[in-house]
Chemist: 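This is the structure I want to talk about, given as C-alpha coordinates.
Everything numeric here is computed off the predicted structure, so don't read it as measured data. To find a chain, count down the sequence lines: A is the first, B the second, and so on, and within it residues start at 1.
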There are 2 protein chains.
Amino acid sequence: MAAMARAATTSDAFNAIAEPQRRDILALLRAGERPVSDLAEELGMSQPGASKHLRVLREVGLVRVRGAGKQRLYGLDARGLRPVHEWVGGFERFWNESFDRLDTYVQDLKRTRQEE
Amino acid sequence: MAAMARAATTSDAFNAIAEPQRRDILALLRAGERPVSDLAEELGMSQPGASKHLRVLREVGLVRVRGAGKQRLYGLDARGLRPVHEWVGGFERFWNESFDRLDTYVQDLKRTRQEE
DNA sequence: TTGCCATATACCGATATGGGAATATGATGG
DNA sequence: CCATCATATTCCCATATCGGTATATGGCAA
(Lines give C-alpha, C1' and ligand atoms only; values in the text may rest on other atoms or scores of the structure.)
Protein backbone atom coordinates (compact mmCIF):
# COMPACT_ATOMS: atom_id res chain seq x y z
CA MET A 1 0.00 0.00 0.00
CA ALA A 2 1.63 3.13 -1.13
CA ALA A 3 0.28 6.47 -2.13
CA MET A 4 -3.46 6.72 -1.69
CA ALA A 5 -3.41 9.95 -3.60
CA ARG A 6 -6.45 12.16 -3.84
CA ALA A 7 -8.63 12.17 -0.79
CA ALA A 8 -12.10 10.71 -0.92
CA THR A 9 -14.66 13.01 -2.44
CA THR A 10 -18.19 13.00 -3.75
CA SER A 11 -19.09 11.86 -0.32
CA ASP A 12 -20.25 15.04 1.26
CA ALA A 13 -22.45 17.99 0.43
CA PHE A 14 -19.51 20.28 -0.25
CA ASN A 15 -18.37 18.10 -3.08
CA ALA A 16 -21.83 17.39 -4.33
CA ILE A 17 -22.51 21.06 -4.91
CA ALA A 18 -19.12 21.70 -6.43
CA GLU A 19 -20.56 20.44 -9.71
CA PRO A 20 -22.50 23.10 -11.60
CA GLN A 21 -24.90 20.60 -13.09
CA ARG A 22 -25.69 19.18 -9.71
CA ARG A 23 -26.39 22.65 -8.44
CA ASP A 24 -28.75 23.09 -11.35
CA ILE A 25 -30.55 19.91 -10.47
CA LEU A 26 -30.99 20.95 -6.88
CA ALA A 27 -32.24 24.35 -7.92
CA LEU A 28 -34.81 22.79 -10.22
CA LEU A 29 -36.02 20.43 -7.54
CA ARG A 30 -37.07 23.36 -5.41
CA ALA A 31 -40.11 23.54 -7.65
CA GLY A 32 -41.07 20.01 -6.67
CA GLU A 33 -40.43 16.38 -7.45
CA ARG A 34 -39.38 15.43 -10.93
CA PRO A 35 -38.70 12.29 -12.92
CA VAL A 36 -35.21 11.76 -14.29
CA SER A 37 -35.91 12.35 -17.95
CA ASP A 38 -37.63 15.61 -17.12
CA LEU A 39 -34.53 16.86 -15.37
CA ALA A 40 -32.29 15.60 -18.12
CA GLU A 41 -34.23 17.38 -20.80
CA GLU A 42 -34.71 20.61 -18.91
CA LEU A 43 -31.03 20.83 -18.12
CA GLY A 44 -29.83 19.64 -21.48
CA MET A 45 -28.00 16.59 -20.26
CA SER A 46 -28.19 12.96 -21.27
CA GLN A 47 -30.37 10.57 -19.32
CA PRO A 48 -27.39 8.59 -18.00
CA GLY A 49 -25.74 11.86 -17.11
CA ALA A 50 -28.70 12.92 -15.06
CA SER A 51 -28.93 9.53 -13.39
CA LYS A 52 -25.30 9.68 -12.41
CA HIS A 53 -25.51 13.11 -10.89
CA LEU A 54 -28.66 12.10 -9.09
CA ARG A 55 -26.85 9.13 -7.67
CA VAL A 56 -24.22 11.36 -6.16
CA LEU A 57 -26.86 13.65 -4.76
CA ARG A 58 -28.70 10.68 -3.33
CA GLU A 59 -25.59 9.26 -1.74
CA VAL A 60 -24.88 12.45 0.10
CA GLY A 61 -28.50 12.71 1.05
CA LEU A 62 -29.49 15.83 -0.84
CA VAL A 63 -32.27 14.16 -2.76
CA ARG A 64 -34.70 11.36 -2.13
CA VAL A 65 -36.31 9.01 -4.60
CA ARG A 66 -39.74 7.60 -4.79
CA GLY A 67 -41.11 5.17 -7.29
CA ALA A 68 -44.16 6.34 -9.17
CA GLY A 69 -45.26 3.86 -11.74
CA LYS A 70 -42.40 3.23 -14.03
CA GLN A 71 -40.90 6.57 -13.20
CA ARG A 72 -38.77 7.55 -10.28
CA LEU A 73 -39.50 10.90 -8.77
CA TYR A 74 -36.57 12.74 -7.27
CA GLY A 75 -37.23 15.26 -4.56
CA LEU A 76 -35.11 17.74 -2.71
CA ASP A 77 -33.88 17.03 0.79
CA ALA A 78 -32.07 20.22 1.60
CA ARG A 79 -31.17 19.42 5.16
CA GLY A 80 -27.67 18.47 4.12
CA LEU A 81 -27.10 22.01 2.91
CA ARG A 82 -27.53 23.44 6.34
CA PRO A 83 -24.04 22.59 7.57
CA VAL A 84 -22.64 24.10 4.40
CA HIS A 85 -24.59 27.26 4.94
CA GLU A 86 -23.36 27.45 8.48
CA TRP A 87 -19.76 26.85 7.57
CA VAL A 88 -19.79 29.54 4.94
CA GLY A 89 -21.76 31.79 7.24
CA GLY A 90 -18.84 31.64 9.60
CA PHE A 91 -17.10 34.00 7.19
CA GLU A 92 -19.86 36.51 6.86
CA ARG A 93 -18.23 39.15 8.95
CA PHE A 94 -15.03 38.70 7.03
CA TRP A 95 -16.36 39.42 3.61
CA ASN A 96 -17.78 42.68 4.81
CA GLU A 97 -14.59 43.45 6.61
CA SER A 98 -12.59 42.67 3.50
CA PHE A 99 -14.64 45.16 1.58
CA ASP A 100 -13.98 47.85 4.11
CA ARG A 101 -10.29 47.20 4.15
CA LEU A 102 -10.07 47.31 0.41
CA ASP A 103 -12.14 50.43 0.41
CA THR A 104 -9.97 52.34 2.80
CA TYR A 105 -6.94 50.98 1.05
CA VAL A 106 -8.14 52.28 -2.28
CA GLN A 107 -9.14 55.60 -0.78
CA ASP A 108 -5.76 55.92 0.84
CA LEU A 109 -4.18 55.36 -2.52
CA LYS A 110 -6.31 58.03 -4.16
CA ARG A 111 -5.68 60.52 -1.43
CA THR A 112 -1.98 59.92 -1.54
CA ARG A 113 -1.88 60.51 -5.25
CA GLN A 114 -3.90 63.68 -5.06
CA GLU A 115 -1.60 65.05 -2.42
CA GLU A 116 1.43 64.48 -4.58
CA MET B 1 -10.09 17.45 -30.43
CA ALA B 2 -12.29 14.80 -29.03
CA ALA B 3 -13.72 14.25 -25.62
CA MET B 4 -12.96 17.07 -23.22
CA ALA B 5 -14.20 14.93 -20.34
CA ARG B 6 -14.49 16.24 -16.84
CA ALA B 7 -15.58 19.81 -16.66
CA ALA B 8 -13.18 22.47 -15.54
CA THR B 9 -12.81 22.71 -11.81
CA THR B 10 -10.70 24.28 -9.14
CA SER B 11 -11.66 27.49 -10.78
CA ASP B 12 -14.40 28.70 -8.53
CA ALA B 13 -15.11 29.04 -4.86
CA PHE B 14 -17.44 26.06 -4.80
CA ASN B 15 -14.65 23.77 -5.82
CA ALA B 16 -12.05 25.47 -3.72
CA ILE B 17 -14.00 24.78 -0.56
CA ALA B 18 -14.81 21.24 -1.55
CA GLU B 19 -11.40 20.26 -0.22
CA PRO B 20 -11.40 19.78 3.56
CA GLN B 21 -7.82 20.95 3.92
CA ARG B 22 -8.57 24.12 2.06
CA ARG B 23 -11.51 24.73 4.32
CA ASP B 24 -9.17 24.29 7.24
CA ILE B 25 -6.78 26.83 5.81
CA LEU B 26 -9.53 29.36 5.33
CA ALA B 27 -10.81 28.80 8.83
CA LEU B 28 -7.36 29.34 10.26
CA LEU B 29 -6.87 32.51 8.32
CA ARG B 30 -9.79 34.09 10.07
CA ALA B 31 -7.42 34.62 12.95
CA GLY B 32 -5.17 36.73 10.75
CA GLU B 33 -2.44 36.51 8.19
CA ARG B 34 -0.05 33.60 8.32
CA PRO B 35 3.11 32.45 6.61
CA VAL B 36 3.01 29.20 4.67
CA SER B 37 5.07 27.06 7.00
CA ASP B 38 2.92 28.12 9.91
CA LEU B 39 -0.18 26.89 8.16
CA ALA B 40 1.52 23.72 7.06
CA GLU B 41 2.63 22.85 10.55
CA GLU B 42 -0.59 23.78 12.26
CA LEU B 43 -2.63 21.70 9.85
CA GLY B 44 -0.21 18.83 9.65
CA MET B 45 0.51 19.08 5.97
CA SER B 46 3.73 19.30 4.03
CA GLN B 47 5.05 22.66 2.93
CA PRO B 48 4.53 21.89 -0.75
CA GLY B 49 1.09 20.65 0.10
CA ALA B 50 0.21 23.90 1.80
CA SER B 51 1.65 25.93 -1.06
CA LYS B 52 -0.40 24.03 -3.56
CA HIS B 53 -3.65 24.46 -1.73
CA LEU B 54 -2.87 28.12 -1.22
CA ARG B 55 -2.32 28.47 -4.93
CA VAL B 56 -5.79 27.18 -5.63
CA LEU B 57 -7.25 29.48 -3.03
CA ARG B 58 -5.35 32.37 -4.51
CA GLU B 59 -6.49 31.60 -8.02
CA VAL B 60 -10.12 31.67 -7.02
CA GLY B 61 -9.48 34.81 -5.02
CA LEU B 62 -10.17 33.53 -1.55
CA VAL B 63 -6.79 34.51 -0.19
CA ARG B 64 -4.29 37.24 -0.88
CA VAL B 65 -0.55 37.17 -0.48
CA ARG B 66 1.82 39.77 0.73
CA GLY B 67 5.56 39.53 0.93
CA ALA B 68 7.01 40.14 4.36
CA GLY B 69 10.73 39.69 4.41
CA LYS B 70 11.52 36.26 3.17
CA GLN B 71 8.12 35.06 4.17
CA ARG B 72 4.85 35.33 2.35
CA LEU B 73 1.85 36.14 4.43
CA TYR B 74 -1.45 34.73 3.30
CA GLY B 75 -4.58 36.51 4.31
CA LEU B 76 -8.24 35.77 3.94
CA ASP B 77 -10.33 37.45 1.29
CA ALA B 78 -13.75 36.07 2.03
CA ARG B 79 -15.67 38.05 -0.53
CA GLY B 80 -15.71 35.08 -2.86
CA LEU B 81 -17.67 33.13 -0.30
CA ARG B 82 -20.57 35.45 -0.47
CA PRO B 83 -22.07 34.03 -3.67
CA VAL B 84 -21.74 30.58 -2.18
CA HIS B 85 -23.54 31.64 0.93
CA GLU B 86 -26.27 33.17 -1.11
CA TRP B 87 -26.69 30.17 -3.33
CA VAL B 88 -26.97 27.82 -0.40
CA GLY B 89 -29.17 30.30 1.40
CA GLY B 90 -31.62 29.91 -1.44
CA PHE B 91 -32.48 26.55 0.10
CA GLU B 92 -32.99 27.72 3.62
CA ARG B 93 -36.71 27.45 3.59
CA PHE B 94 -36.45 23.98 2.11
CA TRP B 95 -34.35 22.41 4.81
CA ASN B 96 -36.87 23.48 7.38
CA GLU B 97 -39.69 22.36 5.19
CA SER B 98 -38.00 19.02 4.66
CA PHE B 99 -37.95 18.52 8.37
CA ASP B 100 -41.64 19.21 8.61
CA ARG B 101 -42.50 16.89 5.80
CA LEU B 102 -40.48 14.10 7.27
CA ASP B 103 -42.09 14.79 10.58
CA THR B 104 -45.61 14.55 9.33
CA TYR B 105 -44.63 11.58 7.25
CA VAL B 106 -43.27 9.77 10.26
CA GLN B 107 -46.29 10.70 12.32
CA ASP B 108 -48.59 9.45 9.62
CA LEU B 109 -46.76 6.17 9.67
CA LYS B 110 -47.10 5.84 13.42
CA ARG B 111 -50.76 6.70 13.38
CA THR B 112 -51.46 4.25 10.62
CA ARG B 113 -49.77 1.49 12.55
CA GLN B 114 -51.63 2.25 15.73
CA GLU B 115 -54.88 2.17 13.90
CA GLU B 116 -54.19 -1.26 12.57
C1' DT C 1 -44.73 -13.91 -21.56
C1' DT C 2 -43.50 -10.25 -24.65
C1' DG C 3 -42.64 -5.73 -25.65
C1' DC C 4 -42.12 -1.03 -24.24
C1' DC C 5 -40.94 2.84 -21.52
C1' DA C 6 -38.01 4.88 -17.78
C1' DT C 7 -33.98 4.58 -15.34
C1' DA C 8 -29.67 2.63 -13.68
C1' DT C 9 -25.05 0.52 -14.57
C1' DA C 10 -21.00 -0.82 -16.86
C1' DC C 11 -17.34 0.41 -19.62
C1' DC C 12 -14.18 3.53 -21.83
C1' DG C 13 -11.37 7.53 -22.80
C1' DA C 14 -9.48 11.91 -21.43
C1' DT C 15 -8.21 14.53 -17.77
C1' DA C 16 -8.16 16.70 -13.21
C1' DT C 17 -6.44 16.06 -8.62
C1' DG C 18 -3.92 15.36 -4.34
C1' DG C 19 0.14 13.77 -2.17
C1' DG C 20 5.08 12.81 -1.88
C1' DA C 21 9.89 13.75 -3.11
C1' DA C 22 13.16 16.48 -5.33
C1' DT C 23 14.37 20.73 -7.05
C1' DA C 24 13.97 25.59 -8.51
C1' DT C 25 13.16 30.36 -7.26
C1' DG C 26 13.28 34.37 -4.02
C1' DA C 27 14.64 37.22 -0.55
C1' DT C 28 17.85 38.36 3.16
C1' DG C 29 21.98 38.82 5.80
C1' DG C 30 26.84 38.76 5.78
C1' DC D 1 28.67 37.01 -4.45
C1' DC D 2 27.41 33.20 -1.10
C1' DA D 3 24.90 30.67 2.14
C1' DT D 4 20.54 30.12 4.06
C1' DC D 5 15.84 30.15 5.13
C1' DA D 6 11.01 30.25 3.10
C1' DT D 7 8.19 29.20 -0.51
C1' DA D 8 6.93 27.75 -5.17
C1' DT D 9 7.22 24.52 -8.91
C1' DT D 10 8.00 20.20 -11.26
C1' DC D 11 7.55 15.23 -11.72
C1' DC D 12 5.42 11.12 -10.84
C1' DC D 13 1.91 7.99 -9.20
C1' DA D 14 -2.60 6.41 -8.07
C1' DT D 15 -7.04 7.42 -8.41
C1' DA D 16 -11.37 10.09 -8.84
C1' DT D 17 -14.41 12.17 -11.98
C1' DC D 18 -17.16 13.44 -16.15
C1' DG D 19 -19.17 12.54 -20.36
C1' DG D 20 -20.59 9.43 -23.95
C1' DT D 21 -22.26 5.02 -25.65
C1' DA D 22 -24.02 0.61 -24.98
C1' DT D 23 -26.37 -2.33 -22.17
C1' DA D 24 -28.80 -4.12 -18.06
C1' DT D 25 -32.72 -3.74 -14.94
C1' DG D 26 -37.41 -2.66 -13.36
C1' DG D 27 -42.20 -1.86 -13.96
C1' DC D 28 -46.28 -1.92 -16.64
C1' DA D 29 -49.57 -3.18 -20.17
C1' DA D 30 -51.60 -6.15 -23.60
Side-chain angles (χ1 to χ4, degrees), chain A residues 1-26 28-29 33-60 62-75, chain B residues 1-26 28-29 33-60 62-75:
Chain A
M1 181 202 303
M4 203 237 182
R6 184 172 234 202
T9 180
T10 321
S11 33
D12 67 332
F14 282 96
N15 268 286
I17 67 170
E19 243 297 323
Q21 308 226 59
R22 287 197 287 262
R23 286 202 295 279
D24 291 343
I25 291 178
L26 292 176
L28 249 183
L29 290 182
E33 292 178 324
R34 292 258 208 158
V36 179
S37 40
D38 243 56
L39 292 169
E41 193 186 355
E42 185 116 4
L43 299 176
M45 54 177 110
S46 69
Q47 175 268 309
S51 276
K52 282 185 269 190
H53 282 308
L54 286 167
R55 183 160 155 62
V56 174
L57 291 171
R58 205 179 348 124
E59 285 174 349
V60 304
L62 289 176
V63 301
R64 277 170 294 147
V65 215
R66 171 168 86 83
K70 42 172 117 176
Q71 296 190 318
R72 306 199 69 195
L73 296 182
Y74 279 84
Chain B
M1 183 200 301
M4 205 241 181
R6 182 169 234 201
T9 180
T10 319
S11 32
D12 67 332
F14 282 96
N15 268 285
I17 66 170
E19 243 297 320
Q21 309 226 58
R22 288 197 286 262
R23 286 202 296 278
D24 291 343
I25 291 178
L26 292 176
L28 249 182
L29 290 181
E33 291 178 325
R34 292 258 208 158
V36 180
S37 40
D38 245 53
L39 293 169
E41 194 186 355
E42 186 115 1
L43 299 176
M45 53 178 110
S46 70
Q47 175 269 308
S51 276
K52 280 185 269 191
H53 281 308
L54 286 166
R55 183 158 156 60
V56 174
L57 291 171
R58 204 178 349 123
E59 286 174 347
V60 303
L62 289 175
V63 301
R64 279 170 292 146
V65 214
R66 170 169 87 81
K70 46 172 111 173
Q71 296 189 319
R72 308 199 67 195
L73 296 182
Y74 278 84

Chemist: Does the protein touch nucleotides 22-30 of chain C at the base, only the backbone, or not at all? Give it as B, S and - per nucleotide, heavy atoms under 4.0 Å.
Modeler: B----SS--
Chemist: Tell me which of B/Lys52 and A/Leu54 sits closer to the 5' end of DNA chain C, going by the nucleotide each one is nearest to.
Modeler: A/Leu54
Chemist: Could you give the CD-to-C1' distance, from A/Gln71 to D/dG27, as a whole number of Å?
Modeler: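 Answer to the nearest Å: 11 Å.
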Chemist: When the distance from CG of B/Leu57 to C1' of C/dG18 is rounded to whole Å, what number comes out?
Modeler: 14 Å
Chemist: Out of curiosity, B/His53 NE2 to B/Ser46 OG, how far, rounded to the nearest 0.5 Å?
Modeler: 8.5 Å
Chemist: Would you mind reading off the distance between B/His53 atom NE2 and D/dT7 atom P, rounded to a whole angstrom?
Modeler: 16 Å
Chemist: OP1 or OP2 of C/dA6 less than 4.0 angstrom from a side-chain nitrogen or oxygen of A/Tyr74, does that happen here?
Modeler: no
Chemist: So do the side chains of A/Leu62 and A/Leu29 get within less than 4.5 Å of each other, counting heavy atoms only?
Modeler: no
Chemist: Using 0.5 Å steps for rounding, measure from the CG atom of A/Leu28 to the CZ atom of A/Arg34.
Modeler: 5.0 Å
Chemist: Taking CZ from B/Arg55 and C1' from C/dG19, how many angstroms apart are they, rounded to a whole number?
Modeler: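 Distance check: B/Arg55 CZ to C/dG19 C1' gives 16 Å.
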Chemist: Tabulated below should be each protein N or O lying under 3.5 Å from an N or O of nucleotides 1-3 of chain D; please produce it.
Modeler:
none

Chemist: Taking atom types as modelled, find out whether B/Ser51 and B/Gln47 have a side-chain donor-acceptor pair closer than 3.5 angstrom.
Modeler: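 Side chains of B/Ser51 and B/Gln47: pair found under 3.5 Å.
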Chemist: How close or far is atom C1' of D/dT7 from atom CE of B/Met45, stated in whole angstroms?
Modeler: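 To the nearest whole Å, that distance equals 15 Å.
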Chemist: Please state how far atom CG in A/Leu39 lies from atom C1' in C/dA6, giving the value in whole angstrom units.
Modeler: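 Value for this atom pair: 13 Å.
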Chemist: In whole Å, what is the span from the CD atom of A/Glu19 to the C1' atom of D/dG19?
Modeler: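 Taking CD of A/Glu19 and C1' of D/dG19, I get 10 Å after rounding.
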Chemist: Identify which nucleotide among C/dA6, D/dT7, C/dG19 has an atom closest to any side-chain atom of A/Ser37, counting heavy atoms from C-beta outward.
Modeler: C/dA6
Chemist: Given C/dG19, D/dT9, C/dT7, which nucleotide is nearest the side-chain atoms of B/Arg58?
Modeler: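 Nucleotide nearest to B/Arg58's side chain: D/dT9.
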Chemist: Roughly how far apart are A/Leu73 CG and A/Arg64 CZ, rounded to 0.5 Å?
Modeler: 12.0 Å
Chemist: Find the distance between CG (B/Leu43) and CD1 (B/Ile25) and round it off to the nearest 0.5 Å.
Modeler: 6.0 Å
Chemist: Are side-chain heavy atoms of A/Val63 and A/Leu26 found at a separation under 4.5 Å?
Modeler: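 SC-SC contact between A/Val63 and A/Leu26 confirmed.
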Chemist: With a 4.0 Å cut-off on heavy atoms, is B/Ser51 in touch with a base, just the backbone sugar-phosphate, or nothing at all?
Modeler: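 Answer is base: heavy atoms of B/Ser51 come under 4.0 Å of a base.
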Chemist: Measure from the side-chain N and O atoms of B/Arg22 to the backbone N and O of B/Ile17, and report whether any donor-acceptor pair falls under 3.5 Å.
Modeler: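 Not confirmed, B/Arg22 side chain does not pair with B/Ile17 backbone.
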Chemist: List in chain and number order the residues that pass side chain to side chain donor-acceptor pair (under 3.5 Å) with A/Arg55, two or more places apart in sequence or in another chain; answer none if no residue qualifies.
Modeler: A/Glu59
